[in-house]
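Everything on this sheet refers to the single structure shown next.
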Amino acid sequence: LFLWYHKVPMLRDVVISDPQVILNVITKLVECKHDPAALGAAGIKSSWCSKFQNHAIISRDILAQKCFKKHFTGHAFTIEHFIALMCHLFIMVCLDNENSQGDNYLMPALLNPRLDKEVYSVKQLVEPLLVCFPDGCVPYGIFSSLVAF
């Protein structure tokens, strides 16, 4: 199995021969999401721990930590390649504007689920929610997170 995304500028020169590295990083993100102590043990700043735990916001700083960085192989597959791939597959979406480098990413599949009692305590008259994604595609996980409301 080879993965090559030649239409994605950042991934044009990258051929992924073993997707296990991608799965390892995603698995570690899920583990850290469900084990807050793991984030602290990894040396991640508390401000980023809070953003990740409460809002599923990931930064390059988080991915550069030792527990994640060990999965990236020098220039062959970097953090930038991982972010480009996740954004291309709509697993992550950039939260920064187009002019910035993009250090904040939302991974909707890692958003906290709503408990039934929380859902029913929401007021009946809620203003409509408008979410716009410039690429025209909804990232994976966002629909299931919004459907609770």
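Computed from a predicted model, the values in this text were never measured in an experiment.
For the pair F68 and L63, the tightest heavy-atom approach, listed with the atom from each and the gap, is CB-O, 3.3 Å. Minimum heavy-atom separation, P19 to L3: CB-CD1, 4.0 Å. The two residues F77 and V14 have their closest heavy-atom pair at CD1-CG1, 4.3 Å.
Of the possible donor and acceptor atoms, one in the side chain of K33 sits under 3.5 Å from a partner among the backbone N and O of Q53.
Atoms CG and CD1, on D103 and I62 in that order, are 11.0 Å from each other to the nearest 0.5 Å. To the nearest 0.5 Å, atoms CD1 (I58) and CG (L106) are separated by 8.0 Å. The NZ atom of K51 lies 5.5 Å from the CG atom of N104; values are rounded to the nearest 0.5 Å.
Tracing side-chain contacts under 4.5 Å through hydrophobic residues (I, L, V, M, F, W, Y), one never reaches M10 starting from F72; they form parts of separate clusters. In the hydrophobic clustering of this structure, M107 groups with V30; members are Ile, Leu, Val, Met, Phe, Trp, Tyr whose side-chain heavy atoms approach within less than 4.5 Å, directly or through other members. Hydrophobic clustering places F2 together with W4 (ILVMFWY residues linked when any side-chain heavy atoms are closer than 4.5 Å, directly or through intermediates).
For residues 4-30, every residue pair satisfying the salt bridge (Lys or Arg N to Asp or Glu O under 4.0 Å) rule, not counting sequence neighbours, is listed here: K28-E31.
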field: Criterion side chain to side chain contact (heavy atoms under 4.5 Å, CB included) on I57 and L95, from CA distance to verdict
entry: CA-CA 9 Å; I57 296 175; L95 295 177; 3.9 Å; yes
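For N24, the side-chain contact (heavy atoms from CB on, under 4.5 Å) criterion is met by Q20, H71, not counting sequence neighbours.
S59 is not listed as a side-chain neighbour of Y105, based on a closest heavy-atom distance of 4.5 Å or more.
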Show every donor-acceptor pair shorter than 3.5 Å between a side-chain atom in residues 81-92 and any protein atom, with sequence neighbours excluded, or say none if there are none.
{"from": "H81", "atom 1": "ND1", "to": "T78", "atom 2": "N", "distance (Å)": "3.0"}
{"from": "H81", "atom 1": "ND1", "to": "T78", "atom 2": "OG1", "distance (Å)": "3.1"}

